[in-house]
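Some notes on the structure that comes next.
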Protein chains: 2
Amino acid sequence: MKLAVQIKMTKSLYLRDPEQSELGRNIIKHSIQLIQKTGFESFKFKKLAESIGTTEAGIYRYFENKHKLLVYIISWYWGWLDFQIGYQTNNVKDPISKLKLVIKILTNNVNKDLIPSHVDESLLHQILIAEGSKSYLTKHVGEDNNQQYFKPYKDLCNSVGEIIKECNTQYQFPHALASTLIEVAHLQNFFIHNLPTITNFDQTKKEDKIIEFLNNLVFSSIKC
Amino acid sequence: MKLAVQIKMTKSLYLRDPEQSELGRNIIKHSIQLIQKTGFESFKFKKLAESIGTTEAGIYRYFENKHKLLVYIISWYWGWLDFQIGYQTNNVKDPISKLKLVIKILTNNVNKDLIPSHVDESLLHQILIAEGSKSYLTKHVGEDNNQQYFKPYKDLCNSVGEIIKECNTQYQFPHALASTLIEVAHLQNFFIHNLPTITNFDQTKKEDKIIEFLNNLVFSSIKC
DNA sequence: AATAAATAATAGTATTACTATCATTTATAA
DNA sequence: TTATAAATGATAGTAATACTATTATTTATT
């Protein structure tokens with residue numbers, strides 16, 4: 001029997017559970033490909049339906065609208081990242097090594113194929129970088145939050161925050177630093193690839209530079 | 001004669017310069033109000049035209065589409081912030097005090113009415129927090145960048161980066177830290193107001209907490 | 001007073017984000 | 001097996017949106 005990760009998703013995000021049918025899984029799989037390829041603004045349910053070989057109505061039976069589908073996909077990734085962190089740092093005793101590993105995981109710089117999955121994580125990571133903040137930068141963020149849409153994100157922030165606490169119990173802002181770390185990992189990745197003149201990273205071994213920057217940022221803040 | 005700040009805007013952002021006519025200035029003014037009120041996704045040129053008392057065609061003579069209008073508004077704010085920083089830190093000799101003042105300015109925690117302006121900066125600040133990253137999180141960010149749309153943003157990052165350098169010439173990542181500082185100031189402001197459980201700031205004197213967090217983040221990183 | 005530029009008024013189009021309906025296939029249960 | 005329900009496919013339709021085009025009118029410039 002294969003090991004499969006089950007990420008628990010908020011029920012109100014979907015009309016029909018996409019994990020439970022072939023069509024549902026296809027919706028997720030092709031959404032990831034299309035959103036990554038065209039960007040969220042140009043992502044249309046009609047194109048999605050065509051690429052799957054179904055109709056618009058078929059998609060709408062699973063997701064009310066494309067924003068919920070985006071939130072679903074992104075939440076799935078947060079849940080999956082949270083799981084990865086728990087799984088991969090499981091044997092690491094030293095909290096500082098643990099936090100360093102977390103930074104690597106957040107920059108997508110570690111082998112995640114330890115656990116097989118039916119989604120393409122590297123595409124998902126790119127979606128996170130380019131579209132992630134659109135999931136909460138809306139006027140209805142409050143209602144979405146009440147519906148627990150951001151629970152996986154908050155759980156992840158909490159997990160990272162707890163590791164930060166382990167490193168230095170005296171540090172005042174573990175959760176703020178955790179959310180900063182998560183977002184800045186994506187932000188700098190976006191900048192380095194799309195607005196390179198904004199940072200002064202040289203363009204060789206980009207990911208390593210981001211990790212170096214983040215390590216410096218986090219560990220000097222918590223004085224380790 | 002009144003002192004008026006002129007922020008230099010990239011010409012390719014508009015079709016007709018909105019600074020040069022009453023209608024143009026109205027477009028900017030009402031856009032700011034509408035975007036802040038309804039969010040960018042629900043912001044429609046038709047509603048904008050109605051609120052000004054003109055027609056859709058009138059708006060389209062100034063801006064090709066609503067994304068360019070957003071970029072215009074946001075760029076204006078970056079340019080204005082950059083100017084504020086130059087102006088307000090002008091007499092400050094000590095680079096550390098200077099950087100502290102920059103952090104205050106970025107968190108909107110300082111009196112900016114020193115210089116009069118026909119736009120409402122506090123509305124603009126809210127737009128920046130909620131919509132700012134949408135200006136570059138697109139598939140056409142590369143072309144937009146080639147058109148110099150992000151020059152004011154980069155200039156601001158550069159100004160802040162230079163002040164960071166003044167504080168510690170040895171610090172390796174002044175520009176990355178500058179962009180991080182600018183974005184995190186907005187991010188934490190958004191979180192504290194919209195997803196409060198994500199940070200562990202208590203809800204009193206929110207802005208002060210953000211400043212404290214940012215000061216800690218920046219000054220420990222550059223070891224001052 | 002003549003000319004050009006800017007604006008207003010109106011209409012039109014292709015696309016989009018859905019909703020509704022009904023027929024057909026597939027799974028489940030008696 | 002048959003009856004029943006659930007999921008899917010096929011098709012059509014609608015209101016709203018993001019524009020473009022055209023012509024008339026007002027305002028500014030020479």
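As the structure is a prediction and not an experimental result, all values here were calculated from the model. Chain letters run A, B, ... following the sequence lines, proteins first, then strands; residues in each count from 1.
The side chain of Leu23(B) lies closest to dA8(C), out of dG9(D), dA8(C), dA7(D). In the set dC19(D), dA17(C), dA6(C), the nucleotide with an atom closest to the side chain of Glu56(B) is dC19(D).
Centroid-to-centroid, the aromatic rings of Phe173(A) and Phe213(B) come within less than 6.0 Å. Taking the six-membered ring where the residue is Trp, the centroids of Phe83(B) and Trp80(B) are separated by 6.0 Å or more. Note: Phe201(A) and Phe191(A) fail the aromatic proximity criterion, with ring centroids not under 6.0 Å apart.
For Glu22(A) and dT8(D), the CD to P distance is 10 Å, given to the nearest whole Å. With rounding to whole Å, Glu50(A) atom CD is found 14 Å from dA10(D) atom C1'. At whole-Å resolution of the value, CD1 in Ile27(B) and C1' in dA8(C) are 13 Å apart. Computed from coordinates, the Glu41(A) CD to dA17(C) C1' distance equals 15 Å when rounded to whole Å. In this structure, the CG atom of Asn26(A) is 13 Å from the C1' atom of dT8(D), given to the nearest Å. Counting to the nearest Å, the P atom of dA11(C) and the NZ atom of Lys46(B) are 12 Å from each other. Summarising the geometry, the separation between NZ on Lys47(A) and C1' on dA17(C) is reported as 14 Å, rounded to the nearest angstrom. For the pair Glu19(A) CD and dA7(D) P, the interatomic distance rounds to 16 Å; values are reported in whole Å.
Residue Thr54(A) places at least one side-chain N or O under 4.0 Å from the OP1 or OP2 atom of dG9(D). For Thr55(A) and dA12(D), the shortest distance from a side-chain N or O to OP1 or OP2 is not below 4.0 Å. Contact annotation: Arg16(B) reaches the phosphate of dT7(C) (side-chain N/O to OP1 or OP2, under 4.0 Å).
A cation-pi arrangement is not found for Lys68(A) relative to Tyr14(A), the charged atom failing to lie both closer than 6.0 Å to the ring centre and inside a 45° cone about the ring normal. Judged by the 6.0 Å distance and 45° axis criteria, Lys66(B) is not positioned over the aromatic ring of Phe43(B).
Side-chain atoms of Lys154(B) and Thr197(A) include a donor-acceptor pair closer than 3.5 Å.
A heavy atom closer than 4.0 Å to some atom of DNA chain D occurs in Arg61(A), Tyr62(A), these being the qualifying members of residues 58-69 of chain A.
With rounding to the nearest 0.5 angstrom, the CG atom of Leu187(A) is 11.0 Å from the CD1 atom of Ile192(A).
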